[in-house]
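Accompanying notes for the structure given below.
Below, all heavy atoms of this structure are taken into account, side chains as well, without hydrogens, waters or symmetry copies. For ligands, and for the atoms within them, numbers begin at 1 and follow the listed sequence.
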Amino acid sequence: MERAKSRKPHAIMIPYPLQGHVIPSVHLAIKLASHGFTITFVNTESIHHQISTARHGDAGDIFSAARSSGQLDIRYTTMSDGFPLGFDRSLNHDQFFEGMLHVFSAHVDDLIAKISRRGDDPPVTCLIADTFYVWTSMICEKHKLVNVSFWTEPALVLNLYYHMDLLISNGHFKSLGNTLRNHACLILDRTCLDNREDVIDYVPGVKAIDPKDLMSFLQVSDIDTNTRSYRILSKAFKDVKRADFVLCNTVQELEPDSLSALQAKQPVYAIGPVFSTESVVPTSLWEESDCTEWLKDRPAGSVLYISFGSYAHVCKKEIAEIADGLLLSGASFIWVLRPDIVGSDVPDFLPTGFKDQAQGQGLVVQWCCQMEVISNPAVGGFLTHCGWNSILESVWCGLPLLCYPLLGDQLTNRKLVVDDWRIGINLCENQMITRDQVSANVKTLMVNGETSSELRNNVEKLKRHVKDAVTAVGSSETNFNSFVSEVRDRIETKLCNNVNGVKLNGLEF
Ligand SMILES: O=c1ccn([C@@H]2O[C@H](COP(=O)(O)OP(=O)(O)O[C@H]3O[C@H](CO)[C@@H](O)[C@H](O)[C@H]3O)[C@@H](O)[C@H]2O)c(=O)[nH]1
């Protein structure tokens with residue numbers, strides 16, 4: 001037993017193969033390694049290929065600089081996601097997610113078996129996988145690993161998915177499976193899928209939430225979408241209930257009620273924000289533009305930073321209205337528009353002449369180092385799709401937000417930002433976005449006035465909570481240390497249970 005106790009924990013980490021999941025996972029890997037873990041970090045070959053392409057050459061071992069600067073034991077490997085490198089995952093989104101649902105686990109199984117066979121020192125004892133994966137408990141049981149789920153969205157969103165059964169039984173979310181059970185609806189009449197529209201006030205830890213603020217996947221009335229996303233969600237959020245630990249990239253003080261409700265069910269730790277302002281690990285999937293020169297002589301707080309993240313798409317019409325609204329507002333801006341923002345088959349999406357008209361006022365880039373740009377004193381506001389990383393990063397930099405949620409958790413995140421914390425405003429009030437609304441709201445955010453200063457005061461308060469949380473005595477740091485100690489104990493217990501001649505991933509007793 002003593003031999004087992006003195007060994008370092010060795011965790012395999014598998015982020016979801018999307019930018020907004022890879023970035024916090026990389027930071028978590030570094031944090032765990034600096035607390036004595038050995039980490040084997042796994043990117044899909046496709047993600048590795050995109051990182052390499054963005055850097056115009058093979059990115060190699062992305063942790064090599066972090067390893068030598070911090071003497072961290074992080075190993076790096078890649079695995080197939082089941083599709084060839086040339087397969088356009090953005091364009092063939094549905095097919096890709098079917099693969100994630102049905103094929104990915106076989107590759108994970110293979111990889112873990114391979115790592116176990118080669119007898120790594122220390123042996124693998126733990127798996128840290130993204131909460132959206134549907135296979136984690138099955139893999140952990142098979143390979144006798146401690147199961148850690150990493151949640152990269154707000155605790156509120158986890159809490160709502162966690163209680164999907166309540167939403168279904170109360171008629172606020174009618175899954176297709178539920179509908180099919182109802183014989184009267186067998187004709188698949190769309191009205192059968194209409195969800196209740198009154199306020200949801202029965203989810204533990206959620207005071208009240210309007211159904212329009214639920215994650216988009218729980219608001220669908222389209223049958224095909226409903227079946228596909230429901231199959232992933234129902235499996236993943238059943239599976240998370242079997243995790244030994246759940247790590248959330250959020251802050252206890254920001255979401256105490258949802259966290260308490262979840263903590264009453266299983267060990268859930270708020271350890272966020274998990275990011276570093278000086279990361280040496282390449283993670284960008286697109287080539288970054290350097291905006292420093294452009295920002296150099298801009299007055300403090302004068303530039304609006306705009307990004308819709310790495311995943312969601314925006315249609316050409318919306319881009320045109322935002323573009324015109326920006327010109328009308330007269331505000332300076334940096335606008336990140338990734339090449340597949342409309343679709344990877346639509347290369348030209350900006351209105352003709354926009355770049356010329358915006359010269360001097362704005363800069364359009366395909367990607368940048370967001371943390372570096374929004375930390376620049378010239379930046380004074382953030383027009384965002386409400387991705388959770390962007391919200392945390394914006395709060396960290398004390399920037400108020402202009403919210404344009406597009407899908408998934410972004411709709412729920414908007415509620416936190418605008419309604420609960422009052423650190424942002426909506427870009428538009430109803431579905432249809434217009435240039436006049438864009439211009440008016442950009443001005444409200446960027447030009448000094450009552451609303452702008454109230455938002456700035458509120459975001460400063462939140463920023464203090466977030467920064468305090470990661471100090472040595474702060475909640476996130478304390479939670480992280482408890483997790484490290486608990487996971488070590490759990491590994492030991494697991495090893496004890498496997499004693500008496502059983503060999504666990506190459507570890508002998
Ligand atoms: O030019 C850019 C734009 C973004 N980023 C970074 O990319 C990440 C983007 O993450 P996020 O803001 O969360 O947006 P998405 O990429 O859209 O993230 C996905 O993952 C998030 C976390 O699970 C979810 O909240 C989102 O809804 C989902 O779309 C952030 O760390 C940004 O700093 C850059 O470095 N450069």
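In the vicinity of Y305, heavy-atom distances shorter than 4.0 Å reach the ligand 1 atoms 1 (O), 2 (C), 3 (C). For ligand 1 and H21, the ligand atoms under 4.0 Å from any heavy atom of the residue are 20 (O), 23 (O). Of all atoms in ligand 1, listed by their number and element, those nearer than 4.0 Å to a heavy atom of E153 are 22 (C), 23 (O), 24 (C), 25 (O).
Residue contacts with ligand 1 for N389 involve both N, CA, C or O and side-chain atoms from C-beta outward (heavy atoms, distance under 4.0 Å). The side chain of S307, and not its backbone, has at least one atom closer than 4.0 Å to an atom of ligand 1 (non-hydrogen atoms only; side chain from C-beta on). Heavy atoms of Y16 found under 4.0 angstrom from ligand 1: none, in either backbone or side chain. Residue contacts with ligand 1, taken as heavy atom pairs separated by less than 4.0 Å, involve E393 solely via side-chain atoms from C-beta onward. Under 4.0 Å from ligand 1, heavy atoms of T152 appear from its side chain as well as its backbone. Of the heavy atoms in E288, none comes closer than 4.0 Å to ligand 1.
Here F83 and F96 bring their ring centres to under 6.0 angstrom of each other. No close placement of the H385 and F308 rings is indicated, their centers lying 6.0 Å or farther apart. The six-membered or imidazole ring of F237 lies near that of Y161, with a centre-to-centre distance under 6.0 Å. Less than 6.0 angstrom separates the ring centroid of Y133 from the ring centroid of Y16. For F97 and H102, the distance between ring centers is not under 6.0 angstrom.
Checked options L127, I128, V42, N43; the residue passing with M13 is I128 (criterion: side-chain contact (heavy atoms from CB on, under 4.5 Å)).
Electrostatic pairing of R231 and E98 counts as a salt bridge here, judged by a charged N lying under 4.0 Å from a carboxylate O. Ion pairing between R89 and D81 holds under the 4.0 Å rule for side-chain N and carboxylate O.
The shortest contact between atom 27 (O) of ligand 1 and any protein heavy atom is with D409 OD1, 2.5 Å. In terms of protein heavy atoms, atom 12 (O) of ligand 1 is closest to S390 OG, 2.5 Å. The protein heavy-atom contact nearest to atom 8 (C) of ligand 1 is I23 CD1, 3.7 Å. In terms of protein heavy-atom proximity, atom 19 (C) of ligand 1 is nearest to G20 CA, 4.1 Å. The protein heavy atom nearest to atom 5 (N) of ligand 1 is W367 CZ2, 3.3 Å. Annotation: atom 16 (O) of ligand 1 to nearest protein heavy atom, S310 OG, 2.4 Å. Of the protein's heavy atoms, Q370 OE1, 3.1 Å lies nearest to atom 4 (C) of ligand 1.
Side-chain N or O atoms of E255 include none that pairs as donor or acceptor with a backbone N or O of Q252 at under 3.5 Å.
Scanning all heavy atoms of the two residues, the minimum distance from F173 to F217 falls at CE1-O, 3.8 Å. The heavy-atom pair separating S394 from I374 by the smallest distance is N-CD1, 4.0 Å.
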Exercise for the section: Begin with the C-alpha distance, continue with both residues' side-chain angles, and end with the deciding distance and a verdict on salt bridge (Lys or Arg N to Asp or Glu O under 4.0 Å) for K31 and E477. Expected result: CA-CA 10 Å; K31 199 168 166 60; E477 202 55 24; 2.9 Å; yes
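Using a 4.0 Å cutoff on heavy atoms, F150 does not count as a contact of ligand 1. Using a non-hydrogen distance threshold of 4.0 Å, H385 registers as a contact of ligand 1.
Remark: ligand 1 and C368 share an N or O pair separated by less than 3.5 Å (distance only, no angle test). Annotation: Q410 places an N or O atom under 3.5 Å from an N or O atom of ligand 1; distance criterion only. Checked by distance only, ligand 1 and S284 stay at 3.5 Å or farther apart across all their nitrogen or oxygen atoms.
A donor and an acceptor atom, one from each side chain of D409 and N413, are located under 3.5 Å apart.
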